[in-house]
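Below: the structure, in structure tokens.
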Protein chains: 2
Amino acid sequence: MFNRELVKGSTSLLLLQMLGDRDMYGYELVKELEARSGNGFTVKEGTLYPALHKLEKQEYIECYWQEQEKGPARKYYRITDEGRELLKEKTREWQDFVQMMNKMIGRTDHGTAEE
Amino acid sequence: MFNRELVKGSTSLLLLQMLGDRDMYGYELVKELEARSGNGFTVKEGTLYPALHKLEKQEYIECYWQEQEKGPARKYYRITDEGRELLKEKTREWQDFVQMMNKMIGRTDHGTAEE
DNA sequence: TCTATATACCTAATAAACCTAGGTAGGTGA
DNA sequence: TCACCTACCTAGGTTTATTAGGTATATAGA
């Protein structure tokens, strides 16, 4: 759909946001993000797992294993208090960024940009 | 201000946007972006020049030298027709992306998710 | 039994974008 | 002469995401 480049830098925000709602495991996050975005994009496993590990190392999230009656065990992630702080901050940053971008790309009409 | 990470991927959009308004030279773009963003961020020269060269190679912009009465000559960049097409497309992508992100992170206080 | 598929985890190698930290050169003013 | 501003440039390193695999559990079908 749109350029995956744009998403750079927003992955951790997305992950924290998801975990802010409820504890989730990696594979679930991949599927959920794919579903929520309406096929807009997907966060690949090769992106997700390293990102989760980094957030965990920084103590913004923590994990626990949960055995399943059927299928492989799941590694659930839970957001920490520091994580919630970071989430708030990142959300604010995102909103500021959007505002600035809109100021930059929104104010010119060089080519009739109405839908 | 906000995380520079977020800007990654939007640099070429910003450049095309600026050049969509008028021809500009590299150094001018750096200063102008800095001013417009209200100190939000700066595009470094080490980012800008390679980005311009890439856009030129892809024929989205083209350049011409202009001698100055005082000071070093300036290398002006002009957006091409293909560039304008790309700009429209990238602007649309940006708007889609923002829409999706807002859908995902929009409800800033989790727990109350009514529409 | 053997194989394919789905779930669920992971990483090494690569690619892309950016930043750091320089360099070259013209011109002005102390 | 030296410092500073304008104006161009790039090599090397970092970060982030993707590609393209791998391991393991469990089930369904040939």
Side-chain angles (χ1 to χ4, degrees), chain A residues 1-16 23-35 37 40-58 60-61 63-77 90 93-94 97, chain B residues 1-16 23-35 37 40-58 60-61 63-77 90 93-94 97:
Chain A
M1 191 63 59
F2 46 71
N3 198 338
R4 191 69 184 70
E5 292 305 315
L6 285 174
V7 192
K8 278 191 185 177
S10 353
T11 302
S12 59
L13 169 56
L14 281 175
L15 295 183
L16 286 172
D23 293 4
M24 294 178 81
Y25 56 99
Y27 192 80
E28 188 183 13
L29 281 162
V30 174
K31 299 301 172 190
E32 180 80 5
L33 279 168
E34 200 169 346
S37 75
F41 77 108
T42 47
V43 173
K44 306 299 188 309
E45 292 187 46
T47 303
L48 183 98
Y49 288 112
L52 283 174
H53 298 160
K54 193 182 169 194
L55 285 171
E56 190 190 356
K57 202 169 180 180
Q58 296 167 319
Y60 294 125
I61 60 177
C63 71
Y64 54 95
W65 283 93
Q66 203 171 84
E67 297 299 323
Q68 300 301 303
E69 285 187 23
K70 43 175 69 183
R74 295 170 178 171
K75 194 175 180 180
Y76 276 87
Y77 287 93
K90 275 184 171 287
E93 278 177 6
W94 164 253
F97 175 59
Chain B
M1 184 72 61
F2 47 73
N3 199 336
R4 188 69 183 73
E5 292 305 314
L6 287 172
V7 191
K8 281 186 183 178
S10 351
T11 302
S12 60
L13 168 57
L14 281 174
L15 295 183
L16 287 173
D23 294 3
M24 294 178 79
Y25 56 98
Y27 193 79
E28 189 182 12
L29 282 161
V30 174
K31 300 301 171 188
E32 181 79 6
L33 279 168
E34 201 168 346
S37 75
F41 75 108
T42 46
V43 174
K44 305 300 187 307
E45 292 187 46
T47 304
L48 182 98
Y49 288 111
L52 283 174
H53 297 161
K54 193 183 169 195
L55 285 171
E56 189 190 357
K57 202 168 179 181
Q58 295 167 321
Y60 294 125
I61 60 177
C63 70
Y64 54 96
W65 284 93
Q66 202 170 84
E67 297 298 323
Q68 300 302 303
E69 287 187 22
K70 42 175 71 181
R74 295 168 178 170
K75 194 175 180 179
Y76 276 87
Y77 287 93
K90 275 185 171 288
E93 278 178 6
W94 164 253
F97 176 60

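Proteins come first, then strands; the chains are lettered A, B, ... in the order of their sequence lines, and each starts at number 1.
If you take NZ of K44(B) and P of dC9(D), they are 19 Å apart, rounded to a whole angstrom. Rounded to whole angstrom, the span from the CG atom of L14(A) across to the P atom of dT16(D) amounts to 15 Å. Here dT16(D) presents its P atom at 13 Å from CG of L15(A), a figure rounded to the nearest Å. The OH-C1' distance, from Y25(A) to dA8(C), rounds to 8 Å in whole Å. Atom P of nucleotide dC9(D) and atom NZ of K57(B) are separated by 14 Å, given to the nearest angstrom. Distance CD (E56(B)) to P (dT10(D)): 11 Å, rounded to an integer number of Å. Atoms CD (E34(A)) and C1' (dA17(D)) sit 16 Å apart, rounded to a whole Å. Atom OH in Y77(A) sits roughly 8 Å away from atom P in dC9(C) (whole-Å rounding).
The shortest distance between the side-chain N/O atoms of H53(B) and the OP1/OP2 oxygens of dT10(D) is below 4.0 Å. The phosphate of dC9(C) (OP1 or OP2) has a side-chain N or O of Y49(A) nearer than 4.0 angstrom. In this model, the phosphate group of dC18(C) is approached by a side-chain N or O of T11(B) to a distance below 4.0 Å at OP1 or OP2.
Residue contacts for G46(B): at a heavy-atom cut-off of 4.0 Å it reaches a base atom on one of the strands shown. At the heavy-atom level, E45(B) lies under 4.0 Å from base atoms of the strands shown. In this structure, K31(B) reaches neither bases nor backbone, as no heavy-atom distance under 4.0 Å exists between it and the strands shown.
Within the 4.5 Å cutoff, the side chain of S10(A) has heavy atoms near those of the F97(B) side chain. Inter-residue side-chain proximity for L48(A) and L15(A) is flagged as met; some heavy-atom pair is nearer than 4.5 Å.
Nearest nucleotide to the side chain of Y27(B), out of dC19(C), dT11(C), dC8(D): dC8(D). Of the candidates dA7(D), dC18(C), dT7(C), the closest approach to any side-chain atom of T47(B) belongs to dC18(C).
Residue order along DNA chain D, read from the 5' end via each residue's closest nucleotide, puts W65(B) first among W65(B) and A51(A). Summary of the strand contacts: Y76(A) and K70(B) both lie near DNA chain C, and taking for each the nucleotide with the nearest heavy atom, the more 5' one is attributed to Y76(A). In terms of position along DNA chain D, the nucleotide closest to K75(B) lies nearer the 5' end than the nucleotide closest to the other residue of the pair Q68(A) and K75(B). Comparing P50(A) and P72(A) by the nucleotide of DNA chain C that holds the closest heavy atom to each, the one mapping nearer the 5' end is P72(A).
Annotation: the span from M24(B) atom CE to L52(B) atom CG amounts to 10.5 Å, rounded to 0.5 Å.
Shortest non-hydrogen contact noted between Y49(B) and Y27(B) is OH-N, 3.5 Å. Annotation for Y64(A) and D23(A): closest pair OH-OD2, 2.6 Å, computed over non-hydrogen atoms.
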